[in-house]
Amino acid sequence: MALLQDRVAVVTGSGRGIGREFALCLAREGAKVVVNDVGASLSGESTEERPAVEVCKDIEAAGGTAVPNFDSVSEFEGAQRIVQTALDNFGKLDILVNNAGIIRDKTLVKMDEADFDAVLGVHLKGTFNCTRHAAPVMREAGYGRIINITSSAGLRGNFGQTNYGAAKAGIMGMTFVWALELGRYGITVNAMAPAGATRMTANLYEKADYEPPATLDPALNAPLVAYLASEQAAHVNGQVLGRTDYAFTLFQTPRQIAWMWKDGGWDPSGVAQHFDATLGQHLQPVGMVMPKGLDQKK
Ligand SMILES: NC(=O)c1ccc[n+]([C@@H]2O[C@H](COP(=O)([O-])OP(=O)(O)OC[C@H]3O[C@@H](n4cnc5c(N)ncnc54)[C@H](O)[C@@H]3O)[C@@H](O)[C@H]2O)c1
């Protein structure tokens with residue numbers, strides 16, 4: 001039995017890469033899909049491309065149902081039209097996958113304001129925009145599934161990704177807030193950090209002269225998202241999940257792991273004296289774990 005029979009889904013940025021695989025998989029599981037993609041270049045400039053149309057053709061060729069939408073998630077009114085496309089064509093909206101993304105990687109001292117704003121605009125604000133318009137529709141129906149696409153770059157940090165890391169960490173934060181706020185209405189909100197050899201990661205692989213292995217097939221992410229989008233995952237809310245090789249993974253929610261206590265509170269020299277023997281025993285590494293093989297090439 002298909003997991004998503006008669007459900008209606010919006011997948012943003014699903015004209016290419018990982019999002020395309022989400023759209024194809026959700027459609028195979030029975031969902032009718034709005035394939036949103038503005039057809040942007042990797043860094044967010046507009047192009048003449050319309051990849052959403054091709055993905056809809058692929059879905060229909062496989063016996064599924066899909067309509068394209070070309071609005072930008074980073075525009076508030078555009079996000080409203082994305083949600084409206086689902087309502088106009090399929091009468092409801094059950095599933096939202098916030099996947100659209102761009103990158104403008106630079107170290108902090110080379111990153112200008114426009115690079116920061118553009119990346120935050122698509123990932124962070126785009127996720128807010130689409131969810132802001134989808135949530136009232138789902139609340140009214142008493143049912144919804146929202147999956148926000150995050151990244152280890154935001155959860156653990158990555159060199160050269162101030163803008164992207166900030167956006168992806170912010171998406172984790174919004175996921176926790178929305179899980180609390182929307183959980184009461186039968187809506188679950190989870191985050192997933194996927195992995196895949198797409199144009200977004202191509203530069204990394206080319207630089208390292210690295211042939212991506214089969215484990216970086218972007219299609220490998222979609223089964224977890226299809227499950228999270230299903231009725232069966234009603235009890236999974238506010239979680240951050242991921243994928244490494246052939247494993248789906250669960251991230252630990254940030255929480256305190258060590259304490260230094262002094263009745264009445266500390267003064268600075270007291271902290272300096274006791275830090276290494278207390279909190280300093282538990283300092284944690286930062287930085288994301290690179291795919292197998294690429295870690296040694298760096
Ligand atoms: N590839 C990876 O290894 C990896 C790892 C972690 C997270 N991610 C995340 O997965 C998601 C998909 O990335 P990908 O690797 O498939 O990249 P991709 O570049 O192949 O696909 C992203 C798609 O989003 C579209 N898009 C960009 N701006 C848009 C906008 N304003 N409105 C609508 N659509 C827009 C693009 O046109 C493109 O088709 C992103 O959120 C990315 O941050 C990817």
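We count ligands from 1, going down the list as the structure has it; atoms in each ligand are counted the same way. These numbers were taken from a predicted model, which means no experiment stands behind them.
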Distance filter under 4.0 Å to [X] heavy atoms, resulting ligand 1 atoms:
X      : value
Asn36  : 33 (C), 34 (N)
Ile102 : 27 (C), 28 (N)
Gly39  : 37 (O)
Arg199 : 18 (P), 19 (O), 20 (O), 36 (C), 37 (O), 38 (C)

Do the charged groups of Glu49 and Arg16 touch, with an N to O distance under 4.0 Å? yes
Please determine whether a side-chain nitrogen of the Lys or Arg among Lys57 and Glu60 lies less than 4.0 Å from a carboxylate oxygen of the Asp or Glu. no
Tell me the protein heavy atom at minimum distance from [atom], and give that distance in Å.
atom                    : answer
atom 4 (C) of ligand 1  : Ile18 CD1, 3.9 Å
atom 31 (N) of ligand 1 : Ser72 OG, 3.0 Å
atom 37 (O) of ligand 1 : Asp37 OD1, 2.6 Å

So is [X] polar-close to ligand 1, meaning N/O to N/O under 3.5 Å?
X      : result
Gly196 : yes
Tyr164 : yes
Thr150 : no
Ala195 : no

Where on [X] is there a heavy atom closer than 4.0 Å to ligand 1, on the side chain, on the backbone, on both, or on neither?
X      : answer
Val73  : both
Asn99  : both
His123 : side chain

For the CG atom of Leu155 and the CZ atom of Phe251, what is their distance to the nearest 0.5 Å?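 Rounded to the nearest 0.5 Å, the CG-CZ separation comes to 5.0 Å.
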Distance (rounded to the nearest 0.5 Å) between Phe176 CZ and Thr253 OG1: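 Nearest 0.5 Å value for the CZ-OG1 distance: 4.5 Å.
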For [X] and ligand 1, answer yes if some heavy atom of the residue is under 4.0 Å from a ligand atom, otherwise no.
X      : answer
Pro194 : yes
Thr201 : yes
Lys168 : yes

Cation over ring face, Arg139 and Tyr185, 6.0 Å, 45°: yes
